[in-house]
Amino acid sequence: MAFDGLQDYLTALERRGELLTVGEPVDPELEITEIADRVLRAGGPALRFDAPRGARYPVVIGLFGTLARTAFALGVSDLDEIGARVAQVLHTQPPSSLLDKLRVLPRLVEISSWAPHVVSDAPCQEVVEERPSLLDLPALKCWPGDGGRFLTLPMVVTRHPETGQRNVGMYRMQIYDERTAGLHWHPHKVGAEHYRRCEALGQRMPVAVALGSDPATIYAATAPLPEEFDEILFAGFLRRRAVAMVSCRTNDLQVPADAEFVLEGYVEPGERRTEGPFGDHTGYYSLADEFPVFHLTALTRRKSPVYPATIVGPPPKEDCFLGKATERIFLPLLRLQLPEIVDINLPMEGIFHNLVLVRIAKRYPGHALKVMHALWGMGQMMLTKIIVVVDEEVDVQNTSQVIWRVGNNIDPERDICFVRGPVDILDHAARLPGFGSKMGIDATRKLPGEGFTRPWPDVIEMSPEVKARVDALMTALGLEEMR
Ligand SMILES: Cc1cc2nc3c(=O)[nH]c(=O)nc-3n(C[C@H](O)[C@H](O)[C@H](O)COP(=O)(O)O)c2cc1C
Ligand SMILES: [Mn+2]
């Protein structure tokens, strides 16, 4: 099921009892954060603040505030359903016989139906502001040490100046004044690459920022897709319905027609300004640093828009659930390259780039090392600080099991490998920004071919016959509750 934009999604949430409207005046500076954080920790509803102090528009937060809500936002009851659909598309073989062709035809037609289309009349352009100002937006100051107010859920649209390839990424923006904002794309992200290309050509780069959309489109902006893959096409796949796009008024980019607000503008080559500090998703402040500057040329909006926000900070926060969606949706993609991977878990406390637990079907000496190095060579996985590899009988979703196995199975000097390479720009412990060391822990059972000649003991388990006998006995013993 696809939603007709953010407000349609909010209506659906309300029907499920997952939207609370707050009529009391609440301050977008710090107060909304504290309320949203408490509600999220309690597994509570999404929140709509109708009277944020000093603001012209309502603020909504918590769109992805639980795992179940995130699944609902993406039109499924379980995120693995999307992973299964991804696997199905990936395994569509090129047809050989005519009969095969006829068989795959419906699927190919379905794939082409996800491609975005352009409309001329769009809700996000119902109002074109005559005096556009970023200060009209009820942007949050999230944490006490933040350097100002930030757009925290923006879909930032850019285009590669040579190939024309579009990208949509979620990169926070710090509002400086009516017409300018900082653009915090990390150097490893696609928006930053487009900007580097523009700078090399000495060109001004058009940028458009959409705020609010169908939640699947919002999620797509956070997905670590290969650089050549259009997030809007991916959103169409998630929604099972193409995204309608509309051309901007003052640049030649396109934005989702269903957006609440659209900020049109550009960044100049060579221009930088101090951005931050910002209470980040690591749970620490990311310190002030120099980032490119967005210049606003137009602000368009719906007649009655709502402003979408999120907060990040010490986990769990909403981005943890978005990350879990990515873990489930992208597993089949990883398995395409690395079929030995049975499952992965990026625990929320590991804030995604710090810790990845990998379950593999180990087949040969050095197999765990091969998997680590492959992951460090794959897209944003390259930023993973710690990769732990376990055997296929270990459920990586159960971190208690993983810790138990890892502690038992490693000889640290032998089984921990250190490598150097790019690390997340938010890694404050790395000795240089964005460049440092990473660690792999091979907690698989060691093989003779790996030089391990001692006997390897079995894990303790009761025999099945005794288990069956005791199943029956438990009731007789008055212990049926503990069966
Ligand atoms: C709430 C939220 C805020 C984010 N903020 C940033 C940010 O400020 N800078 C950044 O580089 N990535 C940020 N990300 C992560 C990117 O959106 C993510 O890496 C995405 O895959 C980037 O898209 P790209 O591969 O097209 O560059 C954020 C993610 C979420 C969920
Ligand atoms: Mn991208």
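Remember, it's 1-based here, ligands and their atoms both numbered in the order they're listed. All heavy atoms count here, side chains included; hydrogens, waters and symmetry mates do not.
- Side-chain rings of His353 and His188 stay apart, their centers remaining 6.0 Å or farther from each other.
- Every atom of ligand 1 with a heavy atom of Leu322 under 4.0 Å away is listed here by number and element: 31 (C).
- You'll find the side chain of Arg240 reaches within 4.5 Å of the side chain of Glu110, heavy atoms only.
- Taking the ring centroids of Tyr219 and Phe64, they lie at or beyond the 6.0 Å cut-off.
- Looking at atom 7 (C) of ligand 1, its nearest protein heavy atom turns out to be His184 O, 3.4 Å.
- Using a 30° and 60° split on the angle between ring planes, Phe234 and Phe330 fall in the tilted class, from 30° to 60°.
- The shortest N/O to N/O separation between Met170 and ligand 1 falls below 3.5 Å.
- Taking the six-membered ring for Trp and thresholds of 30 and 60 degrees, Trp376 and His373 have ring planes more than 60 degrees apart, a perpendicular arrangement.
- In terms of polar-atom proximity, Arg172 is counted as a contact of ligand 1, with an N or O under 3.5 Å from an N or O of the ligand.
- Checked against a 3.5 angstrom limit, the closest N/O atoms of Val312 and ligand 1 fall outside it.
- Each of the atoms 17 (O), 20 (C), 23 (O) of ligand 1 lies under 4.0 Å from some heavy atom of Ala221.
- For atom 12 (N) of ligand 1, the closest non-hydrogen atom of the protein is Lys189 NZ, 3.1 Å.
- Close N/O approach between Gln380 and ligand 1 is found [any backbone or side-chain N/O within under 3.5 Å].
- At least one heavy atom of Glu231 sits less than 4.0 Å from an atom of ligand 1.
- Residue Ile351 holds its CD1 atom at 7.0 Å from CG of Asp424, rounded to the nearest 0.5 Å.
- Contact detail for Thr66 and Gly44: the closest heavy-atom pair is CG2-O, 4.4 Å.
- Below 3.5 Å of separation, one finds no N or O of Asp319 facing any N or O of ligand 1.
- The aromatic rings of His295 and Tyr266 lie parallel to each other, with less than 30° between the two planes, well short of the 60° mark.
- Protein heavy atom in closest approach to atom 18 (C) of ligand 1: Thr222 O, 3.6 Å.
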- Message: Checking Arg179 against Asp177 for the salt bridge (charged side-chain N to carboxylate O under 4.0 Å, His left out) test, could you report, in this order, the C-alpha distance in whole Å, the side-chain angles of both residues, the deciding distance, and whether it holds?
- Response: CA-CA 6 Å; Arg179 298 289 173 95; Asp177 53 39; over 6 Å; no
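- Taking the ring centroids of Phe3 and Phe72, they lie under the 6.0 Å cut-off.
- Aromatic ring centroids of Tyr195 and Trp185 lie under 6.0 Å apart.
- Here is the list of ligand 1 atoms found below 4.0 Å of a heavy atom in Thr310: 1 (C).
- For Gly323, the closest heavy-atom approach to ligand 1 does not fall below 4.0 Å.
- Distances below 4.0 Å separate heavy atoms of Pro224 from the following atoms of ligand 1: 21 (O).
- For a threshold of 3.5 Å applied to N or O pairs, the pair formed by Trp185 and ligand 1 contains no separation below that value.
- Atom 24 (P) of ligand 1 has as its closest protein heavy atom Tyr171 OH, 3.6 Å.
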- Take Glu126 and Thr300, measure what side-chain contact (heavy atoms from CB on, under 4.5 Å) needs, and give me the verdict at the end. CA-CA 7 Å; Glu126 281 168 357; Thr300 73; over 6 Å; no
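- When heavy-atom distances to ligand 1 are checked against a 4.0 Å cut-off, Val190 comes that close through both its backbone and its side chain.
- Among the atoms of Glu231, an N, O or S atom falls under 2.8 Å of the Mn ion (ligand 2).
- Polar contact check, Ala223 against ligand 1: a nitrogen or oxygen pair lies under 3.5 Å apart.
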